[in-house]
Amino acid sequence: MCRKWMALSSRGTRRLLDKSKTFHVACGIAICIFSVVHVSAHLVNVVNFSAFYSEDLPALNLARYLGEDPRMIILTTVFALIFVWIMILLCVCVWFVRYRLSNYEIFWYTHNLFIVFYIILMVHMVGGALKYQTNVDTHPPGCLRPNQSSPELQGEELEPGNEERRCKEEARFHPHYPQTWMWVSGPLCLYCAERFYRYIRSSDPVTIVTVIRHPSEVIEVRMLKRDFKAHPGQYIVLNCPGVSSFENHPFTLTTVRRTLHTTPHTHDLSCPTEEKETFGVHMRVVGDWTERFTELLLPKTGVELEILPMVQQRRYPKLYVDGPFGSSSQEVFNYEVSLCVAGGIGVTPFACVLHALLDGWKQFRLRRLYFVWVCRELQSFYWFSELLCALHHKLWQENRPDYLNLKLFVSQTEDLQSMSEEKYRPLSSRLSIGRPRWKLLFDEISNANRQKHVGVFCCGPKGISRTLHKLCNSGRYTGVTFEFNKESFS
Ligand SMILES: NC(=O)C1=CN([C@@H]2O[C@H](COP(=O)(O)OP(=O)(O)OC[C@H]3O[C@@H](n4cnc5c(N)ncnc54)[C@H](OP(=O)(O)O)[C@@H]3O)[C@@H](O)[C@H]2O)C=CC1
Ligand code: HEM
């Protein structure tokens with residue numbers, strides 16, 4: 001979960017760590033499974049301590065007397081109580097993960113109990129229940145005490161020369177040195193350093209400069225922040241205390257830099273591809289956080305577009321930004337051929353990619369981009385219609401019409417209008433009805449790009465990424481390799 005360190009890592013490491021959250025969940029579940037095994041072993045141990053209470057070696061006992069009720073041992077010894085608490089904390093930590101999407105705060109509060117979990121984990125050996133013998137040489141296991149006779153000799157005295165079987169002194173024991181902290185402290189320090197760095201860096205609020213209401217319940221927020229640097233495809237995490245002090249929501253950067261035209265659909269956009277201090281995100285207003293956030297930004301309905309001169313900054317809500325963090329769509333440029341598939345607002349990670357190409361496509365390894373965008377309504381394409389048309393015209397002017405292979409699909413066909421404005425002809429002529437036929441698309445790409453590695457990037461409803469992931473791994477395309485890169489925070 002050290003997102004910042006990962007954003008600094010090399011491309012190969014980043015690809016490896018791209019599934020960091022999935023890996024974290026797998027580790028979390030493994031921690032739960034092995035904690036159950038570990039605690040069960042302790043419970044069996046507690047029963048053994050009670051059943052095998054030793055009069056000879058009192059230092060080894062945990063029970064106070066033979067046959068003591070194991071439950072009493074658990075409730076009255078520090079070490080046993082500790083592992084009961086660890087399990088309670090772990091169950092709370094994990095149980096509330098299910099509320100992460102519906103009520104982030106419950107998740108966040110309970111999940112941060114991991115700090116207490118780790119502290120107890122590091123000290124849980126201090127009870128000293130498990131010991132090792134410190135004088136095996138002077139009291140070898142099985143040696144005979146002064147008043148003890150050898151069972152084999154039936155009570156007869158040891159003949160001379162056999163004395164070495166006698167114990168030279170009483171057995172001495174010492175609790176094991178607690179080692180848990182050695183295993184846990186490294187990663188924990190790394191994570192604490194990450195959280196501290198993120199806290200410092202996100203502590204000053206951003207300045208909101210523009211809020212735009214787009215069709216299909218999407219708003220765009222443009223912000224200003226000193227020393228903010230980002231690469232195409234990265235994402236930020238927004239926190240608006242006016243909505244919730246602990247909810248942090250990830251949004252991909254779709255940066256704006258220049259002034260807006262009059263209507264909300266046309267704006268000249270550019271992405272953080274050079275020293276820019278402004279950045280922006282598009283967010284679909286679904287769910288309690290985005291709805292409440294939108295009310296704070298645009299309280300009056302019907303306000304389409306609001307650019308306030310800096311001096312007249314309306315009292316927008318305080319907004320804090322954590323990030324930017326790396327994401328897989330940064331890899332789009334590192335393939336010769338890439339396929340970007342966006343479903344609905346899932347287009348946002350690719351908006352930055354398109355901006356970067358508009359700013360200067362020649363600088364990248366990428367030589368051909370297949371861009372497929374599926375939306376429910378025609379209106380949604382207006383979110384980035386200017387950008388798509390600008391890139392299309394630029395590539396035609398620079399005599400590279402084959403660089404961008406654009407396909408738009410509108411899946412809901414009732415009361416369909418067309419994109420009638422002349423300037424959107426490049427889009428309306430590439431618009432199809434219904435969902436894409438993925439196999440046909442992959443056949444087309446594989447026939448046109450023999451012996452190539454094609455980077456497949458997807459952001460949108462899970463159904464799309466599952467279908468594409470399966471196609472990439474289907475092995476049905478000889479002579480071309482499709483490498484799947486999933487984009488998601490959820
Ligand atoms: N960086 C990130 O991780 C981001 C992720 N997202 C995710 O992207 C998604 C986009 O949400 P939203 O805008 O509401 O998308 P929609 O639910 O509006 O769906 C977008 C389009 O995808 C189509 N679609 C859905 N499933 C398939 C499929 N299996 N094959 C082909 N087409 C399909 C839908 O067609 P139909 O109408 O026929 O269902 C629809 O036209 C969200 O799940 C969000 O979590 C969003 C932004 C950023
Ligand atoms: C001992 C067990 C666990 C510990 C110590 C732990 C710890 C953490 C930590 C430190 C974070 C990072 C929060 C951040 O920096 O944003 C985190 C996030 C997360 N954890 Fe766990 N976790 C545990 C178990 C689990 C399990 C079992 C699951 C799922 C089944 C899970 C799901 C998540 C998710 C989804 C996130 C991402 C939160 C976000 O990005 O908003 N965790 N966890």
Side-chain angles (χ1 to χ4, degrees), residues 3 7 14 18-22 100-102 104 214-221 230-238 248-255 271 279-291 293 322-332 339-354 370-384 407-416 431-442 456-472 484-490:
R3 298 178 177 86
R14 203 168 53 230
D18 182 38
K19 291 285 171 232
S20 64
K21 199 174 293 170
T22 313
R100 182 170 165 269
L101 297 179
S102 58
Y104 193 84
H214 287 286
S216 314
E217 282 305 295
V218 163
I219 60 160
E220 184 181 349
V221 185
H231 300 288
Q234 290 192 317
Y235 70 94
I236 54 175
V237 179
L238 295 184
N248 306 291
H249 289 260
F251 294 98
T252 309
L253 283 170
T254 56
T255 297
C271 204
F279 54 99
V281 292
H282 283 63
M283 56 181 76
R284 171 153 264 176
V285 185
V286 279
D288 53 352
W289 192 88
T290 45
E291 278 157 12
F293 184 52
D322 190 359
F325 300 109
S327 75
S328 66
S329 50
Q330 288 174 258
E331 299 300 318
V332 170
L339 164 63
C340 293
V341 177
I345 192 65
V347 70
T348 47
F350 306 122
C352 256
V353 170
L354 297 172
Y370 291 85
F371 188 79
V372 179
W373 187 9
V374 204
C375 289
R376 283 230 153 89
E377 301 133 8
L378 194 73
Q379 297 295 7
S380 306
F381 294 119
Y382 284 109
W383 301 335
F384 295 106
K407 297 177 189 295
L408 304 179
F409 294 86
V410 59
S411 58
Q412 304 295 335
T413 50
E414 60 266 1
D415 68 9
L416 183 67
L431 184 63
S432 308
I433 308 297
R435 291 183 169 188
R437 293 159 66 190
W438 302 114
K439 287 202 172 86
L440 221 57
L441 173 69
F442 272 60
V456 179
F457 299 83
C458 170
C459 179
K462 288 197 183 338
I464 298 181
S465 55
R466 266 198 295 274
T467 309
L468 296 180
H469 200 170
K470 235 185 270 168
L471 271 174
C472 288
F484 184 74
N485 301 260
K486 170 101 174 67
E487 175 68 52
S488 170
F489 319 109
S490 54

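One-based numbering, in listed order, for ligands and for the atoms of each. Here, residue 1 is the first one in the sequence, and each next residue gets the next number. Just so you know, these numbers come straight off a predicted model, no measurement behind them.
- Taking each heavy atom of Gly344 and Trp373 in turn, the nearest pair found is O-NE1, 3.0 Å.
- Summarising the contacts of atom 33 (C) of ligand 1 with Val347, Ile464, Val374, the nearest heavy atom is found in Ile464.
- Under 4.0 angstrom from ligand 1, the non-hydrogen atoms of Thr252 all belong to its side chain.
- When heavy-atom distances to ligand 1 are checked against a 4.0 Å cut-off, Arg435 comes that close only through its side chain, counted from C-beta outward.
- Scanning Cys459, Gly346, Gly344, Pro461 for the heavy atom closest to atom 5 (C) of ligand 1 points to Cys459.
- The proximity of Ile345 to ligand 1, defined as any non-hydrogen pair under 4.0 Å, involves the side chain as well as the backbone.
- Residue Arg284 approaches ligand 1 through these ligand atoms, each under 4.0 Å from one of its heavy atoms: 12 (P), 13 (O), 14 (O), 15 (O), 18 (O).
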Is there a ring-ring contact (aromatic ring centres under 6.0 Å, His included) between His249 and Phe293? Walk through the geometry before answering. CA-CA 11 Å; His249 289 260; Phe293 184 52; 9.5 Å; no

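- With contacts defined as side-chain heavy-atom distances shorter than 4.5 Å, the pair His282/Ile345 qualifies.
- At a heavy-atom distance under 4.0 Å, no atom of Lys462 approaches ligand 1.
- Distances below 4.0 Å separate heavy atoms of Pro349 from the following atoms of ligand 1: 1 (N).
- Taking every heavy atom of Thr348 and a limit of under 4.0 angstrom, the matching atoms of ligand 1 come to 47 (C), 48 (C).
- At a heavy-atom cutoff of 4.0 Å, ligand 1 is contacted by the side chain of Gln412 but not by its backbone.
- Phe484 and His469 have parallel rings, their planes meeting at less than 30° on a 0 to 90° scale where 60° marks the start of perpendicular.
- Counting heavy atoms from C-beta outward, Phe381 and Pro215 have side chains that stay 4.5 Å or more apart.
- With rounding to the nearest 0.5 angstrom, the CD atom of Glu377 is 8.0 Å from the CD atom of Gln412.
- When each atom of ligand 1 is checked for a heavy atom of Trp438 under 4.0 Å away, the hits are 30 (N), 31 (C).
- Of all atoms in ligand 1, numbered sequentially from 1 with element shown, those under 4.0 Å from a heavy atom of Gly463 are 29 (N).
- The structure places NE2 of His214 at 7.0 Å from CZ of Phe384, a figure rounded to the nearest 0.5 Å.
- Heavy-atom contacts of Cys375 reach the following atoms of ligand 1: 41 (O) (cutoff under 4.0 Å).
- If you take CG on Asn485 and CG on Leu468, they are separated by 11.5 Å, rounding to the nearest 0.5 Å.
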